[in-house]
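Each chain gets a letter, A, B and so on, in the order the sequences are listed, and its residues count up from 1.
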Number of protein chains: 2
Amino acid sequence: MKSTIRPTIAIVAHKAEVSIATVSRVLNGTAPVDEATAARVRSAVADLNYLPQAAARTLASRRTNTLGLLLPEISGFFFQPLLRGVESATSEAGYDLMVHTTHKPLPGGIPRRPLAEHNTDGLLIFTDSVRLRELNRLSSINFPVVLLHQTPPKALGIPYVTIENRSGARKLVEHLITIHHCRRILFLRGPDGHEDSRLRENGYRDALKAHNLSLDSSLIKKGGFNRDEARATVEKILLDGLDFDAVFCGDDDSAVGALQALRQAGKKIPEGIALVGFDDQEFASTTTPPLTTVRAPTEQVGRDAVRMLVNLIQGQNVALRLVHPTELVIRESCGCNLVKRR
Amino acid sequence: MKSTIRPTIAIVAHKAEVSIATVSRVLNGTAPVDEATAARVRSAVADLNYLPQAAARTLASRRTNTLGLLLPEISGFFFQPLLRGVESATSEAGYDLMVHTTHKPLPGGIPRRPLAEHNTDGLLIFTDSVRLRELNRLSSINFPVVLLHQTPPKALGIPYVTIENRSGARKLVEHLITIHHCRRILFLRGPDGHEDSRLRENGYRDALKAHNLSLDSSLIKKGGFNRDEARATVEKILLDGLDFDAVFCGDDDSAVGALQALRQAGKKIPEGIALVGFDDQEFASTTTPPLTTVRAPTEQVGRDAVRMLVNLIQGQNVALRLVHPTELVIRESCGCNLVKRR
DNA sequence: CTGAAAGCGCTTACAG
DNA sequence: CTGAAAGCGCTTACAG
């Protein structure tokens, strides 16, 4: 912020021979202004390359005009479409976007609160990126918040948007059971306490139960929604000689890891073992074989969450819950559509 | 920003029985304060859950404490590590981060300037996301800017950070020529006017020249740094019956597209045609066959750019140019390391 | 349609 | 070490 003197509203006003109130009015369209006067203002603005200071505007108007997005991490294939949806919808709504990841909670002490009511008009919070205590605080001061992929603590009245995890997982596992006659389906679950992970596991259990397959808890292992973790898990399982005829990976990332481990061990997919993922990430169609998975409309989740947040900020009524449908995407890794290869 | 009344510095001061100046001093550590007094202030801050308004702070101090990142798009695998590097370094430096993509320049008229001197202390600008006119303006007011993957217009004196595109590409193509005896190497270039793309093409030409291979311009086609575009291009080439024994894809994204098209057409890779990419994106090790490519330290580019920008903002001297080395990553798609497969 | 003025909530010389 | 006060650059009643 060093540099040459920057024009202020007073300088523009002086140049256009009007009061600063009038400049403000033509810039914001907040009250009728004589057209000739407005034209003088506009030309002064252009000549001076005037840009109203956001901070002064915010202080006077009590609106930051920015939305905050809190994520546990910014990398990971999953966040790509989410970010795209959030960013474009935010921009279209005329807001600025601040992003912060909550990697490691700072040691020692005071939660830093990098994004909150002091610098945004509302917050989009992804699973696990904020402590319950802070969520309670935000809720208690009635600050606009929308949760992503996480049900809010009961009775907090915070709206959220997520996807149909449970039924999606169930349909996928049932496909394995009914079409491909799998009986011992390994499930690679996501991180502990992660809601998507828990619901997908429920869907898995639902499917087994619906087809009278008993649940073998030794078939539920950690995949961590993470390629490397999934690979390591499958490698170990193979060493242990666990018997299974299919793998339901908690997400597409872990599916890639599982695929690597299985192939490394000489297993054929899908002939020897069927494998399916979840999310339908962009790369899912390009693995070998192409991945059968469940399509999660992640970008749409981001867009809708922004829309809800903006409505909240504007004091409109908002649905407390928006759950996007998911859809089976049958490719080849389950054993369908098998094409002769060289 | 609706909601209950929020505590101000005056309320904290009153509760702690000090002046607002003292509250400010203990919060910012900007002057010595008696320890007992400071303790009273801290406890009042905690009791009231006081968060200083960023806008008021900015207005009074003339620092926004935020960095802006301007990108052409936020999706695309390439941007993942870049974002991660920028976000984490920004946070570590104690700044907030605003992100904006410049997808479609607004029709009609006035460039919106969503991120500039009115709401940030400095800008990180990725190739092609800002018009030259705006870059000139920022430079003329001496506003801190660091360019990513783009050489600034001559004599503007804007620092930039990028990678060794040309020599990286050259080494890669020379590998194809000397080790795998490729002679007709198709080059799938990136978007027009994109500096990374142009330099990689130069590297390609350098390699041919160094080995006395004549340049066949019919072997240079559009890949667009884009999977779908690359796939379409290769499909067309195959139809046209163009003769080639290797493909140098401008980036790993286009490599995936080329791979799909070639496999679809029954070509064996690398036995029939060698294929290489650029960037070493996260998925490069998991394609089939694993992709030989050039490692670009994209996350590091992001981190260093932030470091330079922060130095600039603080008025320190900064190198005008930081070029990260790239490194050959030999996997299997070029024909090396061939493992017997079933 | 227009202006004078108060006020948003902080930081920062200036005094003591 | 501490406080009173000016000032940052806007928006927004209030008057006219």
Side-chain angles (χ1 to χ4, degrees), chain A residues 1-42 44-45 48-66 96 116-121, chain B residues 1-42 44-45 48-66 96 116-121:
Chain A
M1 297 276 281
K2 57 167 185 176
S3 82
T4 18
I5 336 90
R6 281 203 290 253
T8 65
I9 196 171
I11 297 179
V12 175
H14 181 257
K15 176 153 188 163
E17 301 180 296
V18 295
S19 72
I20 62 168
T22 296
V23 174
S24 175
R25 286 178 192 123
V26 350
L27 252 26
N28 297 304
T30 183
V33 173
D34 178 81
E35 179 46 35
T37 313
R40 281 211 314 284
V41 171
R42 275 187 231 104
V45 165
L48 294 166
N49 250 318
Y50 171 66
L51 271 182
Q53 288 285 1
R57 236 172 177 168
T58 294
L59 192 58
S61 67
R62 302 149 153 301
R63 302 182 56 245
T64 65
N65 210 43
T66 110
D96 288 330
E117 73 271 23
H118 66 297
N119 56 2
T120 66
D121 290 345
Chain B
M1 298 275 282
K2 56 165 181 176
S3 82
T4 17
I5 334 92
R6 281 200 293 252
T8 66
I9 195 171
I11 296 180
V12 175
H14 181 258
K15 174 153 190 162
E17 301 181 297
V18 296
S19 71
I20 63 169
T22 296
V23 174
S24 174
R25 284 180 193 121
V26 349
L27 252 26
N28 298 304
T30 182
V33 173
D34 178 80
E35 180 46 34
T37 313
R40 281 211 314 285
V41 171
R42 276 187 231 103
V45 165
L48 295 166
N49 249 318
Y50 171 66
L51 270 182
Q53 288 285 0
R57 237 171 177 169
T58 295
L59 192 57
S61 67
R62 299 147 154 304
R63 302 181 58 247
T64 65
N65 209 44
T66 111
D96 289 328
E117 73 272 24
H118 66 298
N119 55 2
T120 67
D121 289 346

> Whole Å only: how far is the CZ atom of B:Arg62 from the P atom of D:dC10?
Replying inline: 11 Å
> Taking the side chain of A:Pro32 as heavy atoms from C-beta outward, which of C:dC10, C:dC1, D:dG3 is closest to it?
Replying inline: C:dC1
> For the pair made of CZ in B:Arg25 and P in C:dA13, what is the distance, rounded to whole Å?
Replying inline: 11 Å
> Are OP1 or OP2 of D:dT2 and a side-chain N or O of B:Thr37 less than 4.0 angstrom apart?
Replying inline: yes
>> Only Watson-Crick and G-U wobble pairs with both distances less than 3.5 Å should count. Give DNA chain D in dot-bracket notation, marking inter-strand partners with |.
In response: |||.||||||||.|||
> Which whole-number value in Å describes the distance from B:Asp34 CG to D:dT2 P?
Replying inline: 5 Å
> Nearest-Å distance, CG (A:Asn65) to P (D:dG9)?
Replying inline: 20 Å
>> Does B:Ser24 reach a base, just sugar-phosphate, or nothing at all? Heavy atoms under 4.0 Å.
In response: base
> Counting only side-chain N and O atoms of B:Thr22, is one of them less than 4.0 Å from OP1 or OP2 of D:dG3?
Replying inline: yes
> Can a side chain N or O of A:Ser19 be found less than 4.0 Å away from OP1 or OP2 on C:dG3?
Replying inline: yes
>> If you compare every side-chain N and O of A:Ser61 against the phosphate oxygens of D:dT11 (OP1, OP2), does one of them come in below 4.0 Å?
In response: no
>> On DNA chain D, compare the nucleotides closest to B:Glu35 and B:Ala56; which residue's is nearer the 5' end?
In response: B:Glu35
>> By nearest atom, which of the nucleotides D:dT11, C:dT2, C:dT11 is closest to the A:Ile20 side chain?
In response: D:dT11
